[in-house]
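Keep in mind that what you see is a predicted model, and the values were worked out from it rather than measured.
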Amino acid sequence: MDLIAIVVGLHLFVFGICVEGQGLSYNFYENSCPQVEAIVRAAIQPIFLTDPTSPAAFLRLMFHDCQVQGCDASILVDLNANNVPSEMAAGKNFGIRKRESINILKSMVELQCPQQVSCADILVLAAREAVVVSGGPQIKVALGRRDSPFAPSYKHADSLLPSATTGVDGMLQLFANKEMTVEESVAIMGAHTLGVTHCLNILNRLNQADEGGQVQGMAPGFESFLRLNCPQGSLASNASFVLNDPTTLTFDNHYYKNVIRGHGVLRVDAEMIMDPRTAMAVKRFAANQDDFFQAFSSAFVKLSNSGVLTGNQGVVRKNCNALD
């Protein structure tokens, strides 16, 4: 066993004690649904095969769920009977996909374990599998989350989700609220190694050029590339996008290499290499993928355990997209 495995193992052992106190545990479904992880893993594979971009979608789906009142599957709830806009109506949830796939996974679990496993746990397991199937680390997650019995308003979601203009200060504060260290905060940003960024979220940064006409922290050649692919005034800015990095379907450390080269797409990407609080971690993750994987795993666990409902709190929905 190598040193990283030993360190991660010790971390999980110690952390396991902590999450037990929160109502989460690594053997939560040992008696009620011991095969739940295998069911989710088998059911999600065809989705990955038919849509190679789905891992990024599942990861973003979990992140956005956990940012709004905790990891409680509230993002999966559809418009209610009174036509009150749900969390998904938030502008910052633009581009969220694969919500319906969580319902498919839930139906597979229900066949084996009726009314036992929450949608919140299934969403976290789906995101975990998305990382692994893309070449990222295998992350052990505690289970036992319950589903929210109500959905927050779209206004509440918009007030809590980070904007495309968020910089390092906002990013560090956001993840400090999830009890992440600076290193873990930089690591969780590495999730952007998967997927794309819509031009809608890039245009504002391109408009903030200095007196010399250059965007701070962005390599001139990359700036020209973005301006070509995301032209000002384009009616297609909602549909147009650019890849987050050249290996957009692979979970690796290329995101950090791009940041160092001035090829970061968002403001926070550029600021991380310029800010002394985060620059060292960016450079270390760019040079050592194992270090990135270890820090990301720790950050993922903290995020997935944030604001959870456990025990008698919340419910276990039968259908993830409807409040029972």
Side-chain angles (χ1 to χ4, degrees), residues 4-28 37 58-75 118 120-132 134 136-146 148 160-162 166 168-194 251 253 255-256 268 272 277-278 280-282 284-285 289-311 313-314:
I4 289 178
I6 293 172
V7 172
V8 172
L10 287 173
H11 170 79
L12 291 175
F13 174 76
V14 174
F15 193 76
I17 297 173
C18 298
V19 295
E20 289 282 359
Q22 297 177 6
L24 301 180
S25 71
Y26 294 108
N27 59 353
F28 186 84
E37 295 189 40
F58 281 118
L59 200 51
R60 184 172 183 235
L61 182 60
M62 189 203 92
F63 282 8
H64 278 233
D65 181 52
C66 294
Q67 291 294 350
V68 181
Q69 74 179 26
C71 306
D72 60 3
S74 59
I75 198 171
S118 68
D121 273 346
I122 291 173
L123 176 50
V124 168
L125 289 174
R128 189 268 301 271
E129 292 304 315
V131 173
V132 175
S134 303
Q138 296 193 26
I139 306 170
K140 188 175 183 181
V141 294
L143 301 173
R145 297 164 192 78
R146 304 266 288 179
S148 173
L160 293 173
L161 291 167
T166 298
V168 166
D169 285 338
M171 180 270 288
L172 291 178
Q173 183 58 55
L174 181 74
F175 293 127
N177 291 337
K178 310 296 182 188
E179 300 185 355
M180 292 188 201
T181 64
V182 170
E183 181 182 76
E184 289 169 335
S185 300
V186 174
I188 206 72
M189 291 298 298
H192 287 155
T193 188
L194 296 179
F251 196 96
N253 64 342
Y255 166 78
Y256 301 101
V268 68
M272 281 200 303
R277 294 170 294 178
T278 52
M280 287 185 63
V282 170
R284 186 155 64 85
F285 294 157
Q289 184 165 273
D290 287 342
D291 282 358
F292 163 48
F293 280 8
Q294 182 179 330
F296 179 86
S297 298
S298 177
F300 183 99
V301 168
K302 287 185 177 181
L303 180 63
S304 69
N305 290 344
S306 63
V308 296
L309 301 173
T310 59
Q313 300 172 317

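Counting heavy atoms from C-beta outward, L309 and R145 have side chains that stay 4.5 Å or more apart. Counting heavy atoms from C-beta outward, L143 and S25 have side chains that stay 4.5 Å or more apart. Under the 4.5 Å side-chain criterion, counting only non-hydrogen atoms from C-beta, V141 is not in contact with Y26. Contact check for L123 versus D121: no side-chain heavy atoms found under the 4.5 Å cut-off. Between N253 and T193, the closest side-chain pair of non-hydrogen atoms is not below 4.5 Å. At least one side-chain heavy atom of F63 sits under 4.5 Å from a side-chain heavy atom of L303.
Judged by distance alone, the side chain of Y256 and the main-chain N or O of V186 form a donor-acceptor pair under 3.5 Å.
Contacts of E37 classified as side chain to side chain donor-acceptor pair (under 3.5 Å), with partners at least two apart in sequence or in another chain: R128. For A295, the side-chain contact (heavy atoms from CB on, under 4.5 Å) criterion is met by E183, A187, F285, not counting sequence neighbours. For Q67, there are no side chain to side chain donor-acceptor pair (under 3.5 Å) partners at least two apart in sequence or on another chain. For D72, there are no salt bridge (charged side-chain N to carboxylate O under 4.0 Å, His left out) partners, not counting sequence neighbours. In this structure S185 satisfies the side chain to side chain donor-acceptor pair (under 3.5 Å) test with no other residue, sequence neighbours excluded. Partners of Q138 by side chain to side chain donor-acceptor pair (under 3.5 Å), not counting sequence neighbours: none found. For F293, the side-chain contact (heavy atoms from CB on, under 4.5 Å) partners are P137, F251, Q289, not counting sequence neighbours.
Atom CZ of F300 is separated from atom CD1 of I188 by 7.5 Å, given to the nearest 0.5 angstrom. Summarising the geometry, atom CD belonging to E129 is positioned 10.5 Å from atom OG belonging to S134; distances are rounded to the nearest 0.5 Å. The CZ atom of R146 sits 12.0 Å away from atom CG of L24, with the distance rounded to the nearest 0.5 Å. Atom OG1 in T166 sits 10.0 Å away from atom CE in M171 (nearest 0.5 Å). Atoms OG and CD, on S148 and Q313 in that order, are 11.0 Å from each other to the nearest 0.5 Å.
Nearest heavy-atom pair across Y255 and G190 is CD2-CA, 3.8 Å. Between A126 and F58 the shortest heavy-atom distance is CB-CD2, 4.0 Å. Of all heavy-atom pairs between M272 and T278, the closest is O-OG1, 2.7 Å. The two atoms that bring G144 and T310 nearest to each other are O-CG2, 3.8 Å, heavy atoms only.
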- Item | L172 and V182: CA distance, side-chain angles, deciding distance, side-chain contact (heavy atoms from CB on, under 4.5 Å) verdict | CA-CA 7 Å; L172 291 178; V182 170; 4.2 Å; yes

- Message: Using side-chain contact (heavy atoms from CB on, under 4.5 Å), reason through M180 and L174 one step at a time and then give a plain yes or no.
- Response: CA-CA 9 Å; M180 292 188 201; L174 181 74; over 6 Å; no

- Give the intermediate values and the outcome of side-chain contact (heavy atoms from CB on, under 4.5 Å) for residues D65 and M62. CA-CA 5 Å; D65 181 52; M62 189 203 92; 5.6 Å; no

- Given side-chain contact (heavy atoms from CB on, under 4.5 Å), test E184 with F175 step by step and report yes or no. CA-CA 8 Å; E184 289 169 335; F175 293 127; over 6 Å; no

- Would Q173 and D169 satisfy side-chain hydrogen bond (donor to acceptor under 3.5 Å, both in side chains), going step by step from the backbone distance to the final call? CA-CA 6 Å; Q173 183 58 55; D169 285 338; over 6 Å; no

